[in-house]
> 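If you scroll down you'll find the structure; I have some questions about it.
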Amino acid sequence: MKTSYRVVIVGGGSAGISVAARLLRQSQALMGEVAIIDPAKKHYYQPLWTLVGGGAAKKEDSERSMGSLIPQGAVWIQDAVTSFSPEENALTIAEGNTLTYDYLVVASGIEINWNAIKGLSENLGTKNVCSNYSYEHVDYTWETIRSFKGGTALFTHPASPVKCGGAPQKIMYLAEDHFQRSDVRDKTKVIFGSANPAIFDVEKYRLALEKVVERKQIDARFRRNLIEIKADEKIAVFEHLDTHEIEEIPYDMIHVTPYMQAPAFIRTSALADANGWVDVHPYTLQHVRYANVFALGDNANLPTSKTGAAIRKQAPVVAENLIALMRQQPMPATYDGYSSCPIVTGYNKLILAEFNYDKQPVESMPFNQAVERTSMYVMKKDLLPIMYWDGMLKGTM
Ligand SMILES: Cc1cc2nc3c(=O)[nH]c(=O)nc-3n(C[C@H](O)[C@H](O)[C@H](O)COP(=O)(O)OP(=O)(O)OC[C@H]3O[C@@H](n4cnc5c(N)ncnc54)[C@H](O)[C@@H]3O)c2cc1C
(Lines give C-alpha, C1' and ligand atoms only; values in the text may rest on other atoms or scores of the structure.)
Protein backbone atom coordinates (compact mmCIF):
# COMPACT_ATOMS: atom_id res chain seq x y z
CA MET A 1 0.00 0.00 0.00
CA LYS A 2 1.15 3.51 -0.86
CA THR A 3 1.74 5.38 2.41
CA SER A 4 2.15 8.97 1.25
CA TYR A 5 -0.36 11.16 -0.60
CA ARG A 6 -0.56 14.79 -1.67
CA VAL A 7 -3.96 15.07 0.01
CA VAL A 8 -5.43 12.84 2.70
CA ILE A 9 -9.13 13.23 3.55
CA VAL A 10 -10.38 11.77 6.81
CA GLY A 11 -14.01 10.67 6.38
CA GLY A 12 -16.01 9.78 3.29
CA GLY A 13 -19.29 11.38 4.37
CA SER A 14 -21.01 14.37 2.80
CA ALA A 15 -18.00 16.61 3.39
CA GLY A 16 -15.17 14.24 2.51
CA ILE A 17 -16.63 13.00 -0.77
CA SER A 18 -17.65 16.51 -1.88
CA VAL A 19 -14.17 17.92 -1.30
CA ALA A 20 -12.45 14.97 -2.98
CA ALA A 21 -14.66 15.33 -6.06
CA ARG A 22 -13.96 19.05 -6.28
CA LEU A 23 -10.20 18.68 -5.84
CA LEU A 24 -10.02 16.08 -8.59
CA ARG A 25 -12.17 18.16 -10.94
CA GLN A 26 -9.94 21.17 -10.41
CA SER A 27 -6.50 19.58 -10.57
CA GLN A 28 -5.43 16.81 -12.95
CA ALA A 29 -2.18 16.61 -11.01
CA LEU A 30 -4.08 15.14 -8.06
CA MET A 31 -5.21 11.97 -9.90
CA GLY A 32 -4.13 9.06 -7.70
CA GLU A 33 -2.87 11.51 -5.08
CA VAL A 34 -6.05 11.93 -3.00
CA ALA A 35 -6.69 9.31 -0.31
CA ILE A 36 -10.03 9.07 1.49
CA ILE A 37 -9.80 7.17 4.75
CA ASP A 38 -13.10 5.81 6.06
CA PRO A 39 -13.90 2.43 7.63
CA ALA A 40 -17.62 2.56 6.69
CA LYS A 41 -18.96 0.30 3.94
CA LYS A 42 -22.00 2.54 3.53
CA HIS A 43 -22.58 6.24 3.02
CA TYR A 44 -25.87 7.78 4.20
CA TYR A 45 -27.93 10.73 2.99
CA GLN A 46 -29.08 11.43 6.53
CA PRO A 47 -31.54 14.28 5.77
CA LEU A 48 -33.90 11.61 4.41
CA TRP A 49 -34.23 10.03 7.86
CA THR A 50 -36.72 12.71 8.93
CA LEU A 51 -39.08 11.55 6.19
CA VAL A 52 -38.33 7.87 6.91
CA GLY A 53 -39.33 8.38 10.56
CA GLY A 54 -42.48 10.12 9.34
CA GLY A 55 -43.37 7.25 7.01
CA ALA A 56 -42.81 9.34 3.87
CA ALA A 57 -39.63 7.69 2.53
CA LYS A 58 -37.78 4.37 2.59
CA LYS A 59 -34.57 4.18 4.58
CA GLU A 60 -32.87 2.09 1.90
CA ASP A 61 -33.02 5.15 -0.38
CA SER A 62 -30.69 7.00 2.00
CA GLU A 63 -27.94 4.39 1.66
CA ARG A 64 -25.28 3.80 -1.01
CA SER A 65 -22.13 1.72 -0.91
CA MET A 66 -19.05 3.80 -0.09
CA GLY A 67 -17.16 2.24 -2.99
CA SER A 68 -19.67 3.55 -5.51
CA LEU A 69 -19.16 7.15 -4.35
CA ILE A 70 -15.38 7.40 -4.24
CA PRO A 71 -14.52 9.80 -7.09
CA GLN A 72 -12.38 8.55 -9.93
CA GLY A 73 -8.76 9.36 -9.15
CA ALA A 74 -9.21 9.02 -5.38
CA VAL A 75 -7.96 6.05 -3.38
CA TRP A 76 -10.22 4.66 -0.65
CA ILE A 77 -8.41 3.35 2.41
CA GLN A 78 -11.01 1.39 4.30
CA ASP A 79 -9.81 1.92 7.83
CA ALA A 80 -10.32 4.29 10.77
CA VAL A 81 -7.90 7.05 11.68
CA THR A 82 -6.81 6.66 15.28
CA SER A 83 -4.39 9.56 15.83
CA PHE A 84 -2.80 12.61 14.21
CA SER A 85 0.78 13.90 14.25
CA PRO A 86 0.33 17.23 12.46
CA GLU A 87 3.90 18.33 13.21
CA GLU A 88 5.11 15.35 11.15
CA ASN A 89 2.29 15.60 8.55
CA ALA A 90 1.29 12.10 9.54
CA LEU A 91 -1.56 10.08 10.94
CA THR A 92 -2.07 6.52 12.05
CA ILE A 93 -4.85 4.16 11.10
CA ALA A 94 -6.37 1.33 13.13
CA GLU A 95 -4.37 -1.28 11.27
CA GLY A 96 -1.30 0.39 12.78
CA ASN A 97 0.16 1.89 9.61
CA THR A 98 1.31 5.49 9.40
CA LEU A 99 0.31 7.64 6.44
CA THR A 100 1.90 10.93 5.50
CA TYR A 101 0.43 13.82 3.54
CA ASP A 102 1.21 17.25 2.14
CA TYR A 103 -2.33 18.45 2.88
CA LEU A 104 -4.94 17.09 5.26
CA VAL A 105 -8.73 17.58 5.18
CA VAL A 106 -10.59 16.47 8.31
CA ALA A 107 -14.22 15.54 7.69
CA SER A 108 -15.16 12.80 10.14
CA GLY A 109 -18.59 14.06 11.20
CA ILE A 110 -20.07 14.17 14.69
CA GLU A 111 -20.14 11.43 17.31
CA ILE A 112 -23.45 10.39 18.82
CA ASN A 113 -23.17 9.52 22.50
CA TRP A 114 -26.10 7.17 23.06
CA ASN A 115 -25.00 6.62 26.65
CA ALA A 116 -25.14 10.26 27.78
CA ILE A 117 -28.86 9.91 28.52
CA LYS A 118 -29.41 7.19 31.11
CA GLY A 119 -31.71 4.42 29.93
CA LEU A 120 -31.59 5.41 26.26
CA SER A 121 -29.21 2.99 24.56
CA GLU A 122 -30.70 -0.17 26.09
CA ASN A 123 -34.29 0.83 25.30
CA LEU A 124 -33.94 2.44 21.88
CA GLY A 125 -36.13 0.66 19.38
CA THR A 126 -38.45 -0.84 22.02
CA LYS A 127 -41.15 0.35 24.44
CA ASN A 128 -42.03 3.37 22.27
CA VAL A 129 -38.53 4.89 22.63
CA CYS A 130 -37.46 5.97 19.15
CA SER A 131 -34.94 8.17 17.34
CA ASN A 132 -34.42 9.29 13.76
CA TYR A 133 -30.71 9.68 14.53
CA SER A 134 -30.01 5.97 14.02
CA TYR A 135 -30.22 4.28 10.62
CA GLU A 136 -30.74 0.98 12.41
CA HIS A 137 -33.74 2.23 14.38
CA VAL A 138 -35.26 4.92 12.17
CA ASP A 139 -38.05 2.60 10.96
CA TYR A 140 -39.11 2.17 14.57
CA THR A 141 -39.96 5.89 14.72
CA TRP A 142 -42.59 5.40 12.04
CA GLU A 143 -43.82 2.18 13.64
CA THR A 144 -44.28 4.06 16.92
CA ILE A 145 -46.05 7.05 15.34
CA ARG A 146 -48.22 4.88 13.10
CA SER A 147 -49.44 2.68 15.93
CA PHE A 148 -49.88 5.49 18.47
CA LYS A 149 -53.34 5.41 20.01
CA GLY A 150 -53.22 8.65 22.02
CA GLY A 151 -51.69 9.90 25.26
CA THR A 152 -48.53 11.99 25.59
CA ALA A 153 -46.11 12.15 22.64
CA LEU A 154 -42.83 13.62 23.80
CA PHE A 155 -40.01 14.98 21.58
CA THR A 156 -36.61 16.16 22.82
CA HIS A 157 -33.63 18.32 21.81
CA PRO A 158 -30.39 17.83 23.80
CA ALA A 159 -27.97 20.27 25.43
CA SER A 160 -25.30 19.76 22.77
CA PRO A 161 -24.66 20.73 19.17
CA VAL A 162 -26.66 18.42 16.91
CA LYS A 163 -26.54 17.67 13.22
CA CYS A 164 -29.40 19.59 11.68
CA GLY A 165 -30.72 21.75 14.50
CA GLY A 166 -34.23 21.57 13.05
CA ALA A 167 -34.48 17.77 12.81
CA PRO A 168 -35.60 17.24 16.46
CA GLN A 169 -38.71 19.32 15.80
CA LYS A 170 -39.40 18.28 12.19
CA ILE A 171 -40.36 14.77 13.25
CA MET A 172 -42.67 16.25 15.90
CA TYR A 173 -44.58 18.25 13.28
CA LEU A 174 -44.90 15.19 11.05
CA ALA A 175 -46.10 13.09 13.98
CA GLU A 176 -48.65 15.75 14.97
CA ASP A 177 -49.93 15.85 11.40
CA HIS A 178 -50.19 12.06 11.36
CA PHE A 179 -52.11 12.07 14.66
CA GLN A 180 -54.67 14.38 13.00
CA ARG A 181 -55.00 11.98 10.09
CA SER A 182 -55.28 8.89 12.27
CA ASP A 183 -57.92 10.55 14.46
CA VAL A 184 -55.96 10.38 17.69
CA ARG A 185 -55.02 14.06 17.93
CA ASP A 186 -57.98 14.86 20.25
CA LYS A 187 -56.67 12.45 22.83
CA THR A 188 -53.00 13.35 22.40
CA LYS A 189 -50.79 15.87 24.15
CA VAL A 190 -47.65 16.80 22.18
CA ILE A 191 -44.74 18.07 24.29
CA PHE A 192 -41.38 19.42 23.07
CA GLY A 193 -38.68 19.30 25.77
CA SER A 194 -35.76 21.31 24.43
CA ALA A 195 -32.49 22.43 25.98
CA ASN A 196 -32.55 25.50 23.73
CA PRO A 197 -33.97 28.82 24.92
CA ALA A 198 -36.32 29.14 21.92
CA ILE A 199 -37.76 27.12 19.04
CA PHE A 200 -35.12 28.46 16.56
CA ASP A 201 -32.28 30.93 16.84
CA VAL A 202 -32.81 32.96 13.66
CA GLU A 203 -35.49 35.49 14.50
CA LYS A 204 -37.38 35.44 11.22
CA TYR A 205 -37.90 31.65 11.37
CA ARG A 206 -38.38 31.64 15.13
CA LEU A 207 -41.39 33.92 14.76
CA ALA A 208 -42.85 31.70 12.02
CA LEU A 209 -42.23 28.49 14.00
CA GLU A 210 -43.77 29.95 17.15
CA LYS A 211 -46.98 30.32 15.16
CA VAL A 212 -46.70 26.69 13.97
CA VAL A 213 -46.25 25.53 17.59
CA GLU A 214 -49.26 27.59 18.68
CA ARG A 215 -51.46 26.38 15.83
CA LYS A 216 -50.57 22.78 16.53
CA GLN A 217 -51.13 23.31 20.26
CA ILE A 218 -47.72 21.92 21.13
CA ASP A 219 -46.58 22.35 24.72
CA ALA A 220 -43.00 23.62 24.13
CA ARG A 221 -40.84 23.66 27.23
CA PHE A 222 -37.40 25.25 26.86
CA ARG A 223 -34.13 24.94 28.80
CA ARG A 224 -35.20 21.35 29.56
CA ASN A 225 -32.44 18.76 29.14
CA LEU A 226 -33.41 15.09 29.03
CA ILE A 227 -31.13 13.20 31.41
CA GLU A 228 -32.88 9.86 31.90
CA ILE A 229 -35.55 7.61 30.44
CA LYS A 230 -37.31 5.19 32.77
CA ALA A 231 -38.63 3.09 29.92
CA ASP A 232 -40.54 0.53 32.01
CA GLU A 233 -42.49 3.28 33.77
CA LYS A 234 -42.59 5.48 30.62
CA ILE A 235 -41.17 8.48 32.46
CA ALA A 236 -38.71 11.00 31.03
CA VAL A 237 -36.52 12.88 33.48
CA PHE A 238 -35.45 16.42 32.55
CA GLU A 239 -33.14 18.87 34.25
CA HIS A 240 -34.00 22.54 33.98
CA LEU A 241 -30.75 24.11 32.77
CA ASP A 242 -31.20 27.37 34.72
CA THR A 243 -32.84 26.29 37.98
CA HIS A 244 -31.42 22.71 37.96
CA GLU A 245 -34.83 21.49 39.08
CA ILE A 246 -35.70 17.96 38.08
CA GLU A 247 -38.94 17.42 36.23
CA GLU A 248 -40.47 14.02 35.43
CA ILE A 249 -42.76 13.84 32.41
CA PRO A 250 -44.84 10.68 31.88
CA TYR A 251 -45.13 9.79 28.18
CA ASP A 252 -46.70 7.20 25.91
CA MET A 253 -44.10 7.62 23.16
CA ILE A 254 -40.80 9.50 23.14
CA HIS A 255 -38.64 10.58 20.20
CA VAL A 256 -35.15 11.30 21.47
CA THR A 257 -32.47 13.39 19.82
CA PRO A 258 -29.33 12.05 21.48
CA TYR A 259 -26.38 13.96 22.89
CA MET A 260 -23.66 14.64 20.29
CA GLN A 261 -20.00 15.57 20.55
CA ALA A 262 -16.76 15.81 18.59
CA PRO A 263 -15.40 12.35 17.66
CA ALA A 264 -13.09 10.93 20.37
CA PHE A 265 -10.02 10.65 18.10
CA ILE A 266 -10.41 14.36 17.20
CA ARG A 267 -11.11 15.51 20.78
CA THR A 268 -7.86 14.02 22.02
CA SER A 269 -5.75 15.27 19.11
CA ALA A 270 -3.56 18.34 18.57
CA LEU A 271 -6.09 19.50 15.97
CA ALA A 272 -8.84 20.14 18.51
CA ASP A 273 -10.00 23.36 20.16
CA ALA A 274 -10.91 23.46 23.86
CA ASN A 275 -14.30 21.87 23.10
CA GLY A 276 -12.87 19.04 21.00
CA TRP A 277 -13.81 20.27 17.51
CA VAL A 278 -11.23 20.80 14.75
CA ASP A 279 -9.97 24.34 15.24
CA VAL A 280 -10.32 26.14 11.92
CA HIS A 281 -10.57 29.71 10.75
CA PRO A 282 -14.30 30.44 10.27
CA TYR A 283 -13.84 32.12 6.87
CA THR A 284 -11.01 30.18 5.18
CA LEU A 285 -11.60 26.77 6.88
CA GLN A 286 -7.84 26.47 7.29
CA HIS A 287 -6.58 25.14 10.61
CA VAL A 288 -5.57 27.93 12.99
CA ARG A 289 -2.22 26.30 13.86
CA TYR A 290 -1.39 23.97 10.94
CA ALA A 291 -1.49 25.75 7.60
CA ASN A 292 -1.68 22.53 5.55
CA VAL A 293 -4.74 21.27 7.42
CA PHE A 294 -8.38 22.10 6.63
CA ALA A 295 -11.64 20.93 8.16
CA LEU A 296 -15.29 21.19 7.25
CA GLY A 297 -18.61 19.60 8.06
CA ASP A 298 -19.89 18.48 11.43
CA ASN A 299 -16.45 18.01 13.03
CA ALA A 300 -15.30 21.61 12.46
CA ASN A 301 -15.69 24.28 15.15
CA LEU A 302 -17.61 26.61 12.83
CA PRO A 303 -20.16 28.71 14.72
CA THR A 304 -23.06 27.78 12.48
CA SER A 305 -25.64 25.02 12.23
CA LYS A 306 -24.15 21.61 11.33
CA THR A 307 -25.88 20.57 8.10
CA GLY A 308 -25.22 19.03 4.72
CA ALA A 309 -26.42 22.30 3.21
CA ALA A 310 -23.62 24.12 5.04
CA ILE A 311 -21.14 21.61 3.59
CA ARG A 312 -22.38 22.40 0.07
CA LYS A 313 -20.97 25.91 0.61
CA GLN A 314 -17.91 24.84 2.61
CA ALA A 315 -16.59 22.23 0.16
CA PRO A 316 -15.80 24.68 -2.67
CA VAL A 317 -14.02 26.96 -0.17
CA VAL A 318 -11.79 24.15 1.09
CA ALA A 319 -11.05 22.88 -2.43
CA GLU A 320 -10.21 26.31 -3.86
CA ASN A 321 -8.13 27.41 -0.88
CA LEU A 322 -6.22 24.13 -0.70
CA ILE A 323 -5.37 24.19 -4.40
CA ALA A 324 -4.30 27.84 -4.17
CA LEU A 325 -2.04 26.99 -1.24
CA MET A 326 -0.58 24.10 -3.21
CA ARG A 327 0.21 26.51 -6.05
CA GLN A 328 1.66 29.01 -3.57
CA GLN A 329 -1.05 31.54 -4.33
CA PRO A 330 -3.17 33.53 -1.85
CA MET A 331 -6.32 31.69 -0.71
CA PRO A 332 -9.20 33.17 -2.72
CA ALA A 333 -12.35 31.71 -1.12
CA THR A 334 -14.29 32.59 2.02
CA TYR A 335 -17.24 30.95 3.76
CA ASP A 336 -19.88 33.20 5.30
CA GLY A 337 -21.38 30.66 7.70
CA TYR A 338 -24.22 29.75 5.34
CA SER A 339 -26.40 26.97 6.60
CA SER A 340 -29.88 25.87 5.73
CA CYS A 341 -32.57 23.90 7.45
CA PRO A 342 -35.61 22.70 5.52
CA ILE A 343 -38.07 22.62 8.42
CA VAL A 344 -40.83 20.19 7.55
CA THR A 345 -43.92 21.45 9.41
CA GLY A 346 -46.27 18.69 8.23
CA TYR A 347 -46.84 16.39 5.25
CA ASN A 348 -46.59 18.77 2.29
CA LYS A 349 -45.48 21.82 4.29
CA LEU A 350 -42.04 23.28 4.79
CA ILE A 351 -40.29 26.45 5.95
CA LEU A 352 -36.90 26.78 4.25
CA ALA A 353 -34.57 28.50 6.72
CA GLU A 354 -31.32 29.80 5.17
CA PHE A 355 -28.98 31.98 7.18
CA ASN A 356 -25.34 33.00 7.80
CA TYR A 357 -22.92 33.49 10.72
CA ASP A 358 -24.79 36.65 11.73
CA LYS A 359 -28.02 34.64 11.96
CA GLN A 360 -29.42 36.78 9.17
CA PRO A 361 -31.65 35.16 6.54
CA VAL A 362 -29.92 34.64 3.17
CA GLU A 363 -32.76 33.26 1.10
CA SER A 364 -32.23 31.84 -2.39
CA MET A 365 -35.87 31.83 -3.52
CA PRO A 366 -37.71 34.86 -4.86
CA PHE A 367 -40.35 34.60 -2.11
CA ASN A 368 -40.66 34.71 1.66
CA GLN A 369 -39.23 31.38 2.84
CA ALA A 370 -40.68 31.72 6.35
CA VAL A 371 -44.08 30.88 4.86
CA GLU A 372 -44.96 27.16 4.93
CA ARG A 373 -45.04 25.90 1.34
CA THR A 374 -45.86 22.68 -0.47
CA SER A 375 -43.38 23.50 -3.23
CA MET A 376 -40.53 23.54 -0.70
CA TYR A 377 -41.67 20.21 0.76
CA VAL A 378 -41.56 18.68 -2.71
CA MET A 379 -38.11 20.18 -3.18
CA LYS A 380 -36.84 18.52 0.03
CA LYS A 381 -38.48 15.18 -0.69
CA ASP A 382 -37.79 14.78 -4.41
CA LEU A 383 -35.25 17.36 -5.60
CA LEU A 384 -32.63 17.68 -2.82
CA PRO A 385 -31.73 13.94 -2.82
CA ILE A 386 -31.02 14.11 -6.57
CA MET A 387 -28.96 17.28 -6.12
CA TYR A 388 -27.03 15.52 -3.35
CA TRP A 389 -26.18 12.25 -5.13
CA ASP A 390 -25.74 13.63 -8.64
CA GLY A 391 -24.46 17.14 -7.92
CA MET A 392 -22.89 17.76 -4.52
CA LEU A 393 -21.09 14.41 -4.25
CA LYS A 394 -19.83 14.77 -7.82
CA GLY A 395 -18.41 18.22 -7.02
CA THR A 396 -20.64 20.05 -9.48
CA MET A 397 -22.99 21.89 -7.11
C1 LIG B 1 -32.08 12.90 11.23
C2 LIG B 1 -31.18 13.86 10.48
C3 LIG B 1 -31.75 14.85 9.69
C4 LIG B 1 -30.95 15.74 9.00
N5 LIG B 1 -31.54 16.68 8.19
C6 LIG B 1 -30.77 17.49 7.43
C7 LIG B 1 -31.37 18.39 6.49
O8 LIG B 1 -32.59 18.42 6.32
N9 LIG B 1 -30.55 19.19 5.76
C10 LIG B 1 -29.19 19.14 5.90
O11 LIG B 1 -28.50 19.88 5.18
N12 LIG B 1 -28.59 18.32 6.80
C13 LIG B 1 -29.35 17.49 7.55
N14 LIG B 1 -28.75 16.60 8.42
C15 LIG B 1 -27.31 16.76 8.74
C16 LIG B 1 -26.36 16.15 7.72
O17 LIG B 1 -26.71 14.82 7.43
C18 LIG B 1 -24.94 16.24 8.29
O19 LIG B 1 -24.68 17.56 8.68
C20 LIG B 1 -23.89 15.79 7.29
O21 LIG B 1 -24.09 14.44 6.93
C22 LIG B 1 -22.50 15.95 7.88
O23 LIG B 1 -21.54 15.51 6.95
P24 LIG B 1 -20.07 15.10 7.43
O25 LIG B 1 -19.33 14.70 6.22
O26 LIG B 1 -19.52 16.15 8.33
O27 LIG B 1 -20.35 13.82 8.34
P28 LIG B 1 -20.97 12.44 7.89
O29 LIG B 1 -21.74 12.57 6.63
O30 LIG B 1 -21.69 11.90 9.08
O31 LIG B 1 -19.70 11.54 7.55
C32 LIG B 1 -18.66 11.32 8.45
C33 LIG B 1 -17.82 10.16 7.92
O34 LIG B 1 -16.62 10.07 8.70
C35 LIG B 1 -16.34 8.71 8.91
N36 LIG B 1 -15.50 8.55 10.10
C37 LIG B 1 -15.87 8.64 11.39
N38 LIG B 1 -14.81 8.37 12.19
C39 LIG B 1 -13.76 8.12 11.37
C40 LIG B 1 -12.40 7.78 11.61
N41 LIG B 1 -11.92 7.60 12.85
N42 LIG B 1 -11.59 7.62 10.55
C43 LIG B 1 -12.07 7.77 9.28
N44 LIG B 1 -13.35 8.08 9.01
C45 LIG B 1 -14.18 8.25 10.05
C46 LIG B 1 -17.71 8.06 9.06
O47 LIG B 1 -17.66 6.67 8.81
C48 LIG B 1 -18.53 8.83 8.02
O49 LIG B 1 -18.55 8.17 6.77
C50 LIG B 1 -29.53 15.66 9.11
C51 LIG B 1 -28.96 14.66 9.88
C52 LIG B 1 -29.77 13.74 10.55
C53 LIG B 1 -29.14 12.64 11.36
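Indexing begins at 1, ligand by ligand and atom by atom, following the structure's order. Computed over heavy atoms, backbone and side chain alike; hydrogens, waters and symmetry mates excluded.
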> To check your reading of the model: name the closest protein heavy atom to atom 25 (O) of ligand 1, its residue, and the distance in Å.
Ala15 N, 2.9 Å
> So which of Gly165, Pro39, Ala315, Ala309 gets nearest to atom 11 (O) of ligand 1, if we judge by its closest heavy atom?
Ala309
> Looking at Glu354 and Lys313, is there a salt bridge between them, counting it only when a charged N and a carboxylate O are closer than 4.0 Å?
no
> Are Phe84 and Phe265 an aromatic pair by the rule of ring centers under 6.0 Å?
yes
> Check the pair Asp232 / Lys230 against salt bridge (Lys or Arg N to Asp or Glu O under 4.0 Å), numbers first and verdict last.
CA-CA 6 Å; Asp232 290 331; Lys230 298 176 181 172; over 6 Å; no
> Any salt bridge (Lys or Arg N to Asp or Glu O under 4.0 Å) involving residues 277-289? Give me the pairs, sequence neighbours left out, ordered by first then second residue.
Asp279-Arg289
> Tell me which part of Pro342 gets within contact of ligand 1: side chain, backbone, both or neither, using heavy atoms under 4.0 Å.
side chain
> If every non-hydrogen atom of Phe355 is compared with every non-hydrogen atom of Ser305, which pair is closest and at what distance?
CZ-CB, 3.8 Å
> Indicate yes or no: does Glu176 engage Arg185 in a salt bridge with an N to O separation below 4.0 Å.
yes
> Considering both backbone and side-chain atoms of Tyr133, is one of its nitrogen or oxygen atoms within less than 3.5 Å of a nitrogen or oxygen in ligand 1?
no
> Quickly, which of Glu363, Gln369, Gln360 forms a side chain to side chain donor-acceptor pair (under 3.5 Å) with Lys204? Name it, please.
Glu363
> Please say whether more than 12 non-hydrogen atoms of neighbouring residues, nucleotides or ligands are located less than 6.0 Å from NZ in Lys211.
no
> Please state which part of Thr82 comes within less than 4.0 Å of ligand 1, counting heavy atoms only: side chain, backbone, both or neither.
neither
> Tell me: protein heavy atom nearest atom 21 (O) of ligand 1, and distance?
Ser14 OG, 3.2 Å
> Relative to atom 2 (C) of ligand 1, which among Lys42, Gln314, Lys163, Gln46 owns the nearest non-hydrogen atom?
Gln46
> Checking the N or O distance criterion of under 3.5 Å, is ligand 1 in contact with Asp298?
yes
> Heavy-atom contacts under 4.0 Å between Phe265 and ligand 1: side chain, backbone, both, or neither?
side chain
> Which option wins on minimum heavy-atom distance to atom 37 (C) of ligand 1: Ser108, Ala310, Ala80, Gly166?
Ser108
> Testing Ile266, Ile37, Ile9 for side-chain contact (heavy atoms from CB on, under 4.5 Å) with Ser108, which one passes?
Ile266
> Please could you name the atoms of ligand 1 that Ala40 approaches to less than 4.0 Å, counting only its heavy atoms?
47 (O)
> Run the side chain to side chain donor-acceptor pair (under 3.5 Å) test against Thr100 and tell me which residues pass, sequence neighbours left out.
Ser4
> Classify the contact between Lys380 and ligand 1 as side chain, backbone, both or neither, using a heavy-atom distance cut-off of under 4.0 Å.
side chain
> Indicate yes or no: does an N/O atom of Thr50 lie under 3.5 Å from an N/O atom of ligand 1?
no
> Looking only at heavy atoms, what is the nearest atom pair of Ser83 and Thr92, with distance?
OG-OG1, 2.5 Å
> Could you find the nearest protein heavy atom to atom 43 (C) of ligand 1 and give me its residue, atom name and distance?
Ile37 O, 3.3 Å
> Quick check on contacts: which atoms of ligand 1 are under 4.0 angstrom from a heavy atom of Ala167?
3 (C)
> Give the residue and atom name of whichever protein heavy atom lies nearest to atom 12 (N) of ligand 1, and the separation in Å to one decimal.
Gly308 N, 3.1 Å
> With a 4.5 Å cut-off on side-chain heavy-atom distances among I, L, V, M, F, W and Y, is there a chain of contacts connecting Leu322 to Val288?
no
> Can you tell me the protein heavy atom closest to atom 31 (O) of ligand 1 and the distance?
Gly13 CA, 3.2 Å
> Is there a nitrogen or oxygen of Cys164 sitting under 3.5 Å from a nitrogen or oxygen of ligand 1?
no
> Step by step, work out the salt bridge (Lys or Arg N to Asp or Glu O under 4.0 Å) result for Glu143 and Arg146.
CA-CA 5 Å; Glu143 200 181 313; Arg146 194 171 45 92; 5.3 Å; no
> Contact between Glu111 and ligand 1, counting heavy atoms under 4.0 Å?
no
> Taking all non-hydrogen atoms of both residues into account, name the closest pair between Arg373 and Asn368 and its distance.
NH2-O, 3.1 Å
> Using a 3.5 Å cut-off on N or O atoms only, is Gly297 in polar contact with ligand 1?
no
> Could you find the nearest protein heavy atom to atom 23 (O) of ligand 1 and give me its residue, atom name and distance?
Ile311 CD1, 3.2 Å
> If you draw a 6.0 Å radius around CD in Glu247, do more than 12 non-hydrogen atoms from other residues or ligands fall strictly inside?
yes
> Could you check atom 27 (O) of ligand 1 against the protein and tell me its nearest heavy-atom contact, residue, atom and distance included?
Gly109 CA, 3.4 Å
> Would you mind finding which of Asn132, Asn299, Ile9, Leu48 brings a heavy atom closest to atom 1 (C) of ligand 1?
Asn132
> How far is atom 8 (O) of ligand 1 from its nearest protein heavy atom, and which residue and atom name does that atom have?
Lys170 NZ, 2.9 Å
> Taking distance alone, with no angle check, do Val81 and ligand 1 share an N/O pair under 3.5 Å?
yes
> Which ligand 1 atoms, with their elements, are less than 4.0 angstrom from a heavy-atom of Lys306?
19 (O)
> Mind checking whether Asp38 has an N or O less than 3.5 Å away from an N or O of ligand 1?
yes
> Taking atom OH of Tyr283 as the centre, report whether more than 12 heavy atoms of other residues, nucleotides or ligands fall under 6.0 Å from it.
no
